[in-house]
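See below for the structure under consideration.
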Amino acid sequence: MAHFAHARVDLDALTSNARLLREHAGGTPLMGVVKADGYGHGMLPAARALIAGGASWLGTALIGEALQLRRAGITVPVLAWIIPPGEPVGEAVGADIDLGVSDRAVLDEVVSEARRLGRTARVQLKIDTGLNRGGVSAADWAELTEAAARAEDDGHLRVSGIWSHFACADEPGHPSIGLQLSNFHEALEIADKVGLAPEVRHIANSAALLTLPETRFDLVRGGIASYGLSPIPDFSLPGLRPAMTLRSRVALTKRVGAGSGVSYGHRYVTDRETTLALVPLGYADGVPRAATNKGPVLLGDRVRTIAGTVCMDQFVLDVGDDRVEAGEYAVLFGDPGETPGVPTAQDWAAVLDTIPYEIVTRVGARVPREYVGAGS
Ligand SMILES: Cc1ncc(COP(=O)(O)O)c(C=O)c1O
């Protein structure tokens, strides 16, 4: 494992973000979404830090992730929502994990596992209100809710939640938002008619939590915003703090003459005699190869652009005549509130035509996470 590079994760930032999001949502309970290794920040430390800030639920994509939280002794309610065939549904029921159910076959499997174990499974029925991804289609909603109500009567099921997910909440004013919300209200009415009384109804992700108060219901699911990043490029909530800083020490510097081709393919050529600085992070560490001649990196007192091709383990910066020495830190992204001028994950997303989610979740396993803050 590298010791010269790390993704530094500020746990206090996570805790304070959770607190801020709860406040912003008028006290609506917050689910900290910690799937994908806590968006690359480390699932367990992130979960604990978000709970410390008032997150009373956790959300994961996979049952395996939810089980990891339970094995670590985390007892808050956890919802896991992607359940392909062959997943350990029985183990999840035994570990008191809420299961996001998007179709009848999964509902039947959950009920049969609950019966086998002599337990009451907690299920959150997901309605597809227009994302056309997970969730049961509106046409099958009545049948699913009726089947769930019957299983509740038998004592093997508790419908703890009804929920959905937005397609375009990160595009304020998008016409699909109102439509999805009205479909959600309709689905809730149908569920109510068959006698379901869920503890939580929820549809808001970070974007909705931040900008659409009418979508809060009983719970808001804060993913990217919990990590201090905005899902909407030109919107930010004052006080949110990016929790991850990705940095590496410079491995070596060298002087080269004018006209020197740099890195594979010589896609960058020096226009004068200059100093090159080698930064030992590459695409195997999550620095996209597409950042070739594009990625912004703070080194010394200036943001520089990656010179030439990003390799598997390294890239190069052209620092001109600035004094830069091996051992100095080059910072790819971080929190400008802490390090003025540092690029953000959003800056990386902008130059790569992607979203900050992809920038933080792709930081590779070879890059150690270094935790700072109260919970570290
Ligand atoms: C179903 C579901 N809910 C909530 C979230 C959290 O979204 P965000 O990170 O935009 O808050 C995700 C993330 O992809 C998701 O898939």
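On a predicted model such as this, the values are computed, not experimentally measured, just so you know.
Annotation: Asp353, atom CG; neighbour count of heavy atoms from other residues, nucleotides and ligands within 6.0 Å does not exceed 12. Within 6.0 Å of CZ in Phe235 there are more than 12 heavy atoms belonging to other residues, nucleotides or ligands. Annotation: Arg323, atom CZ; neighbour count of heavy atoms from other residues, nucleotides and ligands within 6.0 Å does not exceed 12.
Residues Leu99 and Ile63 are in side-chain contact: their nearest non-hydrogen atoms beyond the backbone lie under 4.5 Å apart. Taking 4.5 Å as the limit, every side-chain heavy atom of Leu67 sits out of range of all side-chain heavy atoms of Glu65. By the 4.5 Å heavy-atom criterion applied to side chains, Leu14 and Val9 are counted as neighbours. Taking 4.5 Å as the limit, every side-chain heavy atom of Thr253 sits out of range of all side-chain heavy atoms of Leu278. Using a 4.5 Å cut-off on side-chain heavy atoms (C-beta onward), Leu21 and Leu210 make contact. Contact check for Ile190 versus Thr145: side-chain heavy atoms found under the 4.5 Å cut-off. Val297 has its side chain within reach of Ile306: a pair of non-hydrogen atoms, C-beta onward, lies under 4.5 Å apart. Within the 4.5 Å cutoff, the side chain of Leu79 has no heavy atoms near those of the Thr60 side chain.
Smallest separation of non-hydrogen atoms from Leu50 and Ser226: CD2-CB, 3.8 Å. Contact detail for Cys311 and Ser263: the closest heavy-atom pair is SG-OG, 3.3 Å. Residues Ala47 and Ile74 come closest through the heavy atom pair CB-CD1, 3.9 Å. The two residues Ala307 and Tyr268 come nearest to each other via the heavy atoms CB-CD2, 3.6 Å. Across every non-hydrogen atom of Ala72 and Arg48, the tightest pair is O-NH2, 3.3 Å. Here the closest non-hydrogen pair linking Ala66 and Ala80 is CB-CB, 4.1 Å.
Taking CG of Leu317 as the reference point, atom CZ of Arg302 lies at 11.0 Å (rounded to 0.5 Å). Atoms CD1 and CG, from Ile127 and Leu188 in turn, are 9.0 Å apart once rounded to the nearest 0.5 Å. How far CD1 of Ile224 is from CG of Leu229: 4.5 Å, rounded to the nearest 0.5 Å. With rounding to the nearest 0.5 Å, the separation of CD in Glu328 from OG in Ser248 is 12.0 Å. Considering CG of Leu157 and CD of Glu152, their distance stands at 6.0 Å, rounded to 0.5 Å. The distance from atom CH2 of Trp348 to atom NZ of Lys294, rounded to the nearest 0.5 Å, is 11.0 Å.
Geometric assessment of Arg249 against the ring of Tyr329 yields a positive cation-pi assignment under the 6.0 Å and 45° thresholds.
When the side chains of ILVMFWY residues are joined at heavy-atom separations under 4.5 Å, either directly or via intervening members, Leu181 and Val220 end up in two distinct hydrophobic clusters. Hydrophobic clustering (side-chain heavy atoms under 4.5 Å, transitive across Ile, Leu, Val, Met, Phe, Trp, Tyr) keeps Tyr264 apart from Leu276. The same ILVMFWY cluster, assembled from side-chain heavy atoms under 4.5 Å apart, contains both Val34 and Leu11. Val136 and Leu125 fall within a single hydrophobic cluster, where Ile, Leu, Val, Met, Phe, Trp and Tyr are joined by side-chain heavy atoms under 4.5 Å apart, directly or via other members. There is a path of hydrophobic side-chain contacts, each under 4.5 Å, that joins Ile83 to Trp141.
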Note to self: Show, in sequence, the C-alpha distance, side-chain angles and deciding distance for Leu237 and His24, and conclude whether the side-chain contact (heavy atoms from CB on, under 4.5 Å) test is met.
What the structure shows: CA-CA 9 Å; Leu237 180 65; His24 181 77; 3.4 Å; yes
Margin query: Assess the residue pair Ile97 and Arg70 against the criterion (side-chain contact (heavy atoms from CB on, under 4.5 Å)); give the C-alpha distance rounded to whole Å, side-chain angles, the decisive distance to 0.1 Å, and a yes or no.
Written below: CA-CA 9 Å; Ile97 290 163; Arg70 285 287 183 260; 4.3 Å; yes
Next item on the list: I would like to know whether Arg71 and Glu91 meet salt bridge (charged side-chain N to carboxylate O under 4.0 Å, His left out); could you show each step before the answer?
Entry: CA-CA 12 Å; Arg71 282 187 205 116; Glu91 212 181 324; 3.1 Å; yes
Note to self: Applying side-chain contact (heavy atoms from CB on, under 4.5 Å) to Asn293 and Thr305, what does each step give before you reach the verdict?
What the structure shows: CA-CA 6 Å; Asn293 285 330; Thr305 301; 5.5 Å; no
Next item on the list: Any chance you could lay out the salt bridge (charged side-chain N to carboxylate O under 4.0 Å, His left out) test for Arg304 and Asp322, step after step, and finish with the verdict?
Entry: CA-CA 11 Å; Arg304 308 160 196 278; Asp322 293 352; 2.9 Å; yes
Note to self: Does Ser164 form a side-chain hydrogen bond (donor to acceptor under 3.5 Å, both in side chains) with Thr129? I'd like the steps, not just the answer.
What the structure shows: CA-CA 7 Å; Ser164 191; Thr129 51; 2.7 Å; yes
Note to self: Let's go through Arg369 and His6 carefully: what are the C-alpha distance in whole Å and the side-chain angles of both, what is the deciding distance for side-chain hydrogen bond (donor to acceptor under 3.5 Å, both in side chains) to 0.1 Å, and is it a yes or a no?
What the structure shows: CA-CA 6 Å; Arg369 273 55 173 175; His6 48 252; over 6 Å; no
Margin query: Walk me through whether Val256 and Lys254 qualify under side-chain contact (heavy atoms from CB on, under 4.5 Å).
Written below: CA-CA 6 Å; Val256 298; Lys254 67 170 68 157; 4.1 Å; yes
Check: Can you check ring-ring contact (aromatic ring centres under 6.0 Å, His included) on His185 and Phe217, steps first, answer last?
Finding: CA-CA 10 Å; His185 279 288; Phe217 294 89; 5.3 Å; yes
Item checked: Candidate pair Asp347 and Thr344, rule side-chain hydrogen bond (donor to acceptor under 3.5 Å, both in side chains), full reasoning -> CA-CA 5 Å; Asp347 293 332; Thr344 61; 3.2 Å; yes
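A salt bridge does not link Asp103 with Lys126: every distance from a Lys NZ or Arg NE/NH1/NH2 to an Asp or Glu carboxylate oxygen is 4.0 Å or more. Salt-bridge formation is detected for the pair Arg241/Asp10: a Lys NZ or Arg NE/NH1/NH2 atom is positioned less than 4.0 Å from an Asp or Glu carboxylate oxygen. Remark: Glu109 does not engage Arg104 in a salt bridge, criterion side-chain N to carboxylate O under 4.0 Å. One finds a salt bridge joining Glu199 and Arg122 here, because a Lys/Arg side-chain nitrogen approaches an Asp/Glu carboxylate oxygen to under 4.0 Å.
Thr120 and Arg158 share no donor-acceptor pair across their side chains, judged by distance under 3.5 Å alone. Under 3.5 Å, the side chains of Asp140 and Ser137 contain no donor-acceptor pair of N or O atoms. Inspection of the His156 and Arg119 side chains reveals no N or O donor paired with an N or O acceptor under 3.5 Å. Using a 3.5 Å distance cut-off with no hydrogens or angles, the side chains of Thr274 and Asp318 do pair a donor with an acceptor. Under 3.5 Å, the side chains of Ser160 and Asp98 contain a donor-acceptor pair of N or O atoms.
Between Tyr39 and Tyr227, the ring-plane angle classifies as parallel under the 30° and 60° cut-offs. Between Trp163 and His202, the ring planes are parallel. Angles under 30° get that label, and only those over 60° would be called perpendicular.
Using modelled atom types, one side-chain atom of Asn17 and one backbone atom of Ala13 make a donor-acceptor pair closer than 3.5 Å. Here the side chain of Asp108 pairs no donor or acceptor atom with the backbone of Ala105 at under 3.5 angstrom. The backbone N or O of Gly259 lies less than 3.5 Å from a partner atom in the side chain of Thr270, making a donor-acceptor pair.
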